[in-house]
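Worth knowing before you read on, the calculation uses all heavy atoms, side chains too, and leaves out hydrogens, waters and symmetry mates. Along the sequence shown, residues carry numbers from 1. Owing to the predicted nature of the structure, the values given are computational and were not obtained by experimental measurement.
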Amino acid sequence: MSTMASPNTGGYNIDGLDDIRSVAREALDAFGAISTAARSDLGQRGVHLGSLAMVNEATAETIARDMRERNDQRIGDSQRLQREPAIARLVIADEDDVRETLYISASGTVAQQTVRLCSYMSPKGQLAPLSIGDYRKIALPGGARAFEVIEKTTFRPIDLASEWDSQPAVHFRENLPPLTVRSLRDLLREDGWDEAGIDTVEAWLNDGEAIDDDNVSEGIKRDTLTAMQLRIAPILDTFQDRIFRLPLDSEIAVLGPPGTGKTTTLVRRLRQKVDFAYLDPETERPLVEDPDAAGLSHADSWIMFTPTELLRLYVKEAFGKEGVPVHDDRIRTWDDHRREIGRRNLGILRTGTGGGLQLRADDGLLLEATLTEQIAWFEAFDAHQQAGFVTTLTTEAERLQRANDPRIVALGRQIGEAIVRSGDRPLQLLGELAALWTRLREVAGTQRDETRVALRAPLLTFGRDRPGFLNSLTEFVGILNNDSSEEDEDDADSDGDQDGDDADRSQPLRGRRLVEDAFIRAMRSRAIAQASARSPAAGSRAGRLLAWLVAQGLRLPDLKRTGEALLVQRAALRLARAPNDYLGRIPRRYRQFRSAMREQARWYADTKSRPQEVHPAEVDLIILAMLRTARAIESDRLLNQRLADRMPPMLNEIARLRRDQVLVDEATDFSPIQLACMRALANPRTASFFLSGDFNQRLTRWGSQSDDALLWVSPALQIERISVTYRQSRKLAAFARALGRLHGFALDDQPPADIDNAGVDPVIGLSLTTIEDQADWLAARIGEINRFTEGDMPTIAVLACDADMLDPLAETLSKRLENLNIRAVACPKGLVKGQAGDVRIFEVEHIKGLEFEAVFFMGLDDLYVRENEMFDRYVYVGATRAATFLGLTTSEASLPGRLADLDALTTLDHW
C-alpha cells in the first residue's frame, strides 16, 4: 500500500542504523522459522478421542466438543502465524535484570527452536504496548513478576513468495522519535547488493551520510486505506490494551471521539475472550466451562449488535480477519433481532399460527416526546403492569371469597391476606401462591366437566334441530380465523377467554374440533358475561359468533349459573397460574396500559390505528419488561424452591436467548430501552456486556444521550473514555474538532504522538446546482487524489442526502472517470456493492462507524432542509469518516447554517 507523502521524510542523518539492521536480520529469520513451524503444525491431526487411553462415555460428547474447538483454534492460529508470524519484537528485563528477546504474535504460538514467541492475547502480551523504559507486573503461572521494556520494534510481515519482509517496521527509541523503515528487506539490500554482500559494504552503508531514499524516516507513517475495511491496529495503545483485558465478567462502556479505536478495542476483546486458552483459569474459565442454555459452547456463545446493516457487514469482516468465527446469527441489527425473538421466542408478534401484535414503523403512533423520553415511558408501563397484575389477583381472591363453598371462601381470604403482606413485592406474593398451587388447582377443577357439558349442549341442540347448521357454522368460523384484522383483545384481557379447561393444551386444534372449540368459547363468553352483568365485546370473535347465531334466528341459552361456576374456576386457575401469567401476560398488560394512557392523552397519539398495530419502540418496552421479569423470577430462591418443576416455560425460552458475551457497537444510536434489552441477554453467570460509542455521533432522535442513560441500563457499567484519535490526518482532525465545537459538542480528543500525518485541508465545491456540475467537480478531485497516491486508489465514499440521486450521480460520475478506469457505484440502503478501487455512493444515514480515505459530502444545503434537527450530527459524523481527504459541496453560493461561519474552512475548491 502507498504511504501519504510528508515534507519531513528523507534528507537527514540517522544514528543507530547498525542496531536496526541487526534487528532486521534476526526478525526476517524469525519470520521464516515461525511460518515454517506453523505450516508443519497444520499438517498435524491434533488431539482427538483416540488419543486418550480411556474415555468415559458419559462425558465423551463434551470432551469431543472441547477437542474440536481446540483443534479449530489451533488450526486458525497456525494459519494466521503462517502468513503473519510476528507483530512485534521486544527486549525485556525482569526484576533480576535477566534479559530476553520476545517476539509477539497477533494470536497463538507454535513450537520452534529459533525464538521465544508469545501471543499478544497472553499475559506477557501486555508488554507490547509499553514504551521504552516502562515496566509492568505480569501474573505468570509461577507468580507475578515485573518486566521492563528495553527495546521495541513492531512489524507488518509480508511474504514475498521466496523471502519475508516487513512493510513497514517501526523501531522505537527512548527519548527520541521512532524510526519507520518502509522495508526491512530493502534496508539489508541497498542499491542492488545481494544478502551475501551486505557485510562487505556494511561500513559504506553506515558512513554517516544522509539517507536520501526515505526508506528510513523519523516518525510513524500511516498507510493509505485501499480496501473498505476496519483498520485494526496490530497492537493497541496502553489504555485500549487495559480495557480489552478486563475480566470476562465486566460491564464496560468505551466512549470516545471518532477514530479513537473503540471498535478495534471491541474486536480485540472478543478475540481474546472467546479463546479458552487466554481466560484466567481461576476467575474466568469456571464461568464458561459448561455450554449455555442454547447448547452453545463458550466460543460460540456471543452476540453483537450494530445499528445498520452496512456496519454489521463491516465489523463481520473485521472479526473474520482477526480469527473470530462469525455467523450471521452472531452479529445482528436490533431491528432484525427484535422481530425474530418477538415472533419466535416471546410470543409478542403475530405469526401464521397465532395472535399477537403487528409491527408498524410509524412514529405517528406515538406522541412526539415519547421516543426521547423512553426511560420514563418504560418505568410508567412497568409500574402500571405490575400494579395491574396484583389488582387482577386481588379481584380473583375476592371472587373466591364470594363462593358458596366455605373452603373456597377460606382460601380466598388467605390469599387476600398474602396480597396485603406482599405490598409492592409481586415476587413475594408469587412465592405464597406457589405454596397454595395444589389447593387452587383442586378448586379450578371443581364442576369442570359439568360446565363443559353445559357449554357444549347448545351445539348439540342447534346441530340436531337445524339441518345444515354445522356446515354454516364451519364456514363462518373459517371467516373469523382468516380475518387477520380482528384481535380477541377484549375477551382475552377481561373475560379471560383463554383460561378455560383447555388452557394447558399444548397441541393446536384442527378441522371440526377447531369449530367446536370456537363455539364453546363463545358460549363461555356469554356465560361469564351473564354472571358478570355485562356483554361480550362486540368486535371480539366470541361477540361476532354470538351475533351470527342470533342473526340465524337461534335463541341463545341462559348460562348465568354456569357462568358463576366458571368465574370461580377461572379465579382459582388464574391464581394458580400467577407465576406463568406474571411473565407470559406482559404483552396483554401492555395493551391495557396503552388503552389507559390513550384515554389520558399520554405517550400515545390519538390514532385510528388497529389495536394490534405497534411501533417498534413499543415492542422494545415489552421485551425489556419480559427479560427483566424473567431474571427477577430466576433470582428469587424461595420462589424457585416452591415452584420446582412448575417454573414458567417461558423462562427456558428466554434462557436460550442469552449469551456469554453481549457486545454493542455505536451504542449511542440505540435507545436506553434497546440497550437494556441487550444487557438482559447477557448470561447471568458471566454478565459480560461491552459497549462502544460516542454521544456526539448519535444519529437517532431516540438514541442514548448521557452517562446517566447508560447507568440506567446497568448501574454496574464501567464507563471508560478514550481520547487519542488515530483515523484522521492532523488537518482533518483539527477541522472535525472545530466543527464539533461549533455544534456545541463536548470534545476531549488529542492526536497520537509521533505519527507523521499532516494531511491536506478540506475543500469546498459551491454553486454545484446539477448532477453534471457535481460529477465534474468530483471527477477533478478524484483525479487529484489519484495523483497524490501515485495511482494506488484509496477508498472513496460519496455521501448523498437523497436516495434518488444515487443512481444518476453514479452513472454520470462513471463517465467522467473513464479516463482513469475508475467506476462509481451506487450503494442504496447501505448495501456494499462494487469492487476495491470503485467510488461508492451512499445515503448519508448508512455510513455510521465506517472509515474511508476520502469522503465527499454532497448537497449540504439539501440535507440542511431535510434533516434540520439532526443536520449538525450528520455533518460531524460524515466529516469524521474521512481519514485524509474531505470535500463538502452545496448548490448554493455558501455553506448552510453555522457552517458558513466556520473559520477552519477555506475557499479552496481543489487540492
Side-chain angles (χ1 to χ4, degrees), residues 19-42 73-74 76-94 98-136 138 140-141 145 147-160 163-173 178-181 183-185 187-188 220 232-238 241 245 268 271-272 275 277-278 322-323:
D19 293 338
I20 301 177
R21 290 192 181 91
S22 175
V23 170
R25 290 192 201 93
E26 178 194 297
L28 297 182
D29 289 341
F31 292 171
I34 296 169
S35 179
T36 299
R39 186 180 303 109
S40 175
D41 190 58
L42 284 171
Q73 195 64 62
R74 176 187 62 82
D77 288 345
S78 295
Q79 288 174 335
R80 185 163 187 180
L81 285 167
Q82 188 178 354
R83 66 178 185 271
E84 188 181 22
I87 58 175
R89 173 189 181 273
L90 306 178
V91 177
I92 59 176
D94 66 10
V98 175
R99 300 194 176 195
E100 68 171 318
T101 299
L102 183 65
Y103 280 80
I104 309 292
S105 71
S107 62
T109 59
V110 66
Q112 40 76 45
Q113 303 298 318
T114 306
V115 297
R116 287 182 176 271
L117 178 68
C118 80
S119 169
Y120 179 50
M121 304 295 162
S122 68
K124 267 192 173 180
Q126 299 175 64
L127 300 172
L130 300 184
S131 300
I132 304 299
D134 289 348
Y135 69 93
R136 179 166 293 173
I138 305 295
L140 299 174
R145 292 187 68 80
F147 296 90
E148 180 184 0
V149 176
I150 306 299
E151 295 180 27
K152 175 179 173 181
T153 307
T154 61
F155 308 113
R156 183 167 294 168
I158 179 171
D159 186 357
L160 301 175
E163 57 187 20
W164 280 97
D165 197 0
S166 178
Q167 299 180 3
V170 180
H171 184 69
F172 293 85
R173 305 178 296 174
L179 298 179
T180 294
V181 182
S183 166
L184 289 184
R185 182 65 59 182
L187 185 68
L188 298 178
I220 299 175
I232 300 289
I235 299 173
L236 305 182
D237 64 30
T238 54
D241 187 89
R245 295 180 191 273
R268 194 56 53 80
R271 172 63 187 87
Q272 186 201 45
D275 195 328
Y278 300 127
E322 287 299 303

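Taking Ala37 as the reference, Val110, Gln112 meet the side-chain contact (heavy atoms from CB on, under 4.5 Å) condition, with sequence neighbours excluded.
Here the options are Glu322, Arg271, Glu84, the test is side chain to side chain donor-acceptor pair (under 3.5 Å), and the partner is Ser107; only Arg271 passes.
Residues Leu90 and Phe172 form no side-chain contact, since every pair of their non-hydrogen atoms from C-beta on lies 4.5 Å or further apart. The closest side-chain heavy-atom distance from Arg185 to Gln167 is not below 4.5 Å. No side-chain heavy atom of Ile132 sits under 4.5 Å from any side-chain heavy atom of Arg173. The side-chain heavy atoms of Asp134 and Val149, taken from C-beta on, include no pair separated by under 4.5 Å. Side chains of Met121 and Arg245 form no contact here, defined as non-hydrogen atoms less than 4.5 Å apart.
Contact record, Ser105 with Leu81: CB-CD2, 3.5 Å, taken as the closest heavy-atom pair. Of all non-hydrogen atoms in Gln126 and Asp241, the two that sit nearest each other are CA-OD2, 4.0 Å. The shortest non-hydrogen separation linking Lys124 to Cys118 is CB-SG, 3.9 Å. Ser166 and Ile158 get closest at one heavy-atom pair: N-CG2, 4.3 Å. Shown here for Val170 and Pro178, the closest heavy-atom pair between the two residues is CG1-CB, 3.9 Å. Annotation for Leu117 and Pro85: closest pair CD1-O, 4.2 Å, computed over non-hydrogen atoms.
With rounding to the nearest 0.5 angstrom, the OG1 atom of Thr153 is 5.0 Å from the NE2 atom of His171. Taken from OG1 in Thr109 to CD1 in Ile104, the straight-line distance is 11.0 Å, to the nearest 0.5 Å. How far CZ of Arg145 is from CG of Leu140: 8.5 Å, rounded to the nearest 0.5 Å. Once rounded to the nearest 0.5 Å, the distance linking CZ of Phe147 with CD of Glu100 reads 6.5 Å. Interatomic distance, OG1 of Thr238 versus CG of Leu130, reported as 7.5 Å (0.5 Å rounding). With rounding to the nearest 0.5 angstrom, the CG atom of Leu184 is 11.5 Å from the CD atom of Glu163.
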Next item on the list: Test side-chain contact (heavy atoms from CB on, under 4.5 Å) on Leu42 and Gln79 and set out the steps.
Entry: CA-CA 7 Å; Leu42 284 171; Gln79 288 174 335; 3.8 Å; yes

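Side-chain N or O atoms of Tyr120 include one that pairs as donor or acceptor with a backbone N or O of Leu236 at under 3.5 Å. The closest donor-acceptor contact from the side chain of Thr101 to the backbone of Val91 lies at 3.5 Å or more, if one exists at all.
Using a 4.0 Å cut-off between charged nitrogen and carboxylate oxygen, Asp29 and Arg25 do not count as a salt-bridge pair.
Using cut-offs of 30° and 60° for the angle between ring planes, the Phe31 and Phe155 rings count as perpendicular.
More than 12 heavy atoms of other residues, nucleotides or ligands shown are found within 6.0 angstrom of OH on Tyr278.
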